[in-house]
Amino acid sequence: MKRPVKGLFPWRRRAGTPAFLNNMNALRLGHIDYLNCVPFFHYLRSTGFLGAVERGVPAQLNARLAQGVLDASPSSCFEYARDPERYVLLPGHSISAFGPVQSVLFFSPRPLSALENQRLYLTGESATSVNLLRVLLHEFYGWRQIDTEVPRQPVEDLLAQGKAGLLIGDRALRARRQGGVGICYDLAQLWVEHTGLPFVFALWIVRRDLMTRQLAALQQLSGQLHQARQHAFADLTHLARQYASEHDWIAPAELENYWRAMSYDLAEDHLAGLELFFTLCQRHGLLPHQVPLRFVPAADSAAQFS
Ligand SMILES: C=C(O[C@@H]1C=C(C(=O)O)C=C[C@H]1O)C(=O)O
């Protein structure tokens, strides 16, 4: 049999080439490098998703979204709010909590009421949670001044020295587990207690200019994420066992409980919580503008988007 002339069939896969490189329209996704993202990503490939996936902490993914390096990513809702003209949102998906979230934690040697004027050390991985802390302190604890620093050394070291600081993600989960770092405030719990609404930490943020070129791919992605989440929650015990064996600092039951405490939907209550957070960010000078919420339209309403 004659071999095809090289380059004549560019759509044919070369052996060893990752599938996404053969697909010029494939999406480049961000993946938050925390255990909270497992329900989105563990089964995503098995739903047929062929794009590229790049891992990072939220601050890195925010920067890559802003630079246009990533097409879409679960990332800080504050990144969306910072530049809402640049982005749209995938409907129906978030990383939220209706109570304690367990992984956005402010550790303090003293009660919050006795801490004003002390320097607070903040994780450099966050955009949402650092501003949630500011909103809570201004709005509900009456603080006027908040002195913060993102330190060069790990926040954990400063906590061990008796300082107050904020951790998110796996590092927060680990620090809580290790204990011995003063009072531990769960920021989602404080938010829910004061507002009666859930708190939305992350949204699926999409580069807005993709709406014209890649609408169908984005709608497909949204469906694939729903499928991946359903699959994950259909056997969460199994998934927790698998990931706990790769992360020896968390027990399977704790991990399962952590995922169950999280809400991955984005429904009316979530949106009310999100809008209140953005309004309070504006009130306290953290955002200069109102934040319109714009979504990728569902497949059957695509014709309505102009
Ligand atoms: C619930 C969490 O929410 C995270 C907090 C973020 C932020 O503060 O910017 C961004 C993404 C989320 O993963 C967590 O990290 O544990």
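Just so it is clear, the model here is predicted, and its values are computed rather than measured. Both counts, for ligands and for their atoms, begin at 1 and track the order of listing.
The residues lining ligand 1, counting any heavy atom closer than 4.0 Å, are Ile32, Tyr34, Asn36, Pro58, Ser76, Val101, Ser103, Val104, Ser126, Ala127, Thr128, Ser129, Ile168, Gly169, Phe201, Ala202, Tyr258.
The side-chain hydrogen bond (donor to acceptor under 3.5 Å, both in side chains) check on Ser126 picks up nothing, with sequence neighbours excluded.
The hydrophobic cluster around Phe98 extends to none of the other residues, as no ILVMFWY side-chain heavy atom falls under 4.5 Å of it.
In this structure, a donor-acceptor pair under 3.5 Å is present between the side chains of Arg229 and His93.
Results of the side chain to side chain donor-acceptor pair (under 3.5 Å) test with Glu54 over Arg64, Arg28, His31 single out Arg64 as the only residue that passes.
For Asp209 and Arg213, the salt-bridge test passes: some basic side-chain N is under 4.0 Å from an acidic carboxylate O.
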Going by atom type alone, with no hydrogens or angles, which donor-acceptor pairs under 3.5 Å involve a side-chain atom of residues 230-242 and a protein atom two or more places apart or on another chain?
from, atom 1, to, atom 2, distance (Å)
Asp235, OD1, His238, N, 3.4
Thr237, OG1, Glu256, OE1, 3.0
Thr237, OG1, Glu256, OE2, 3.2

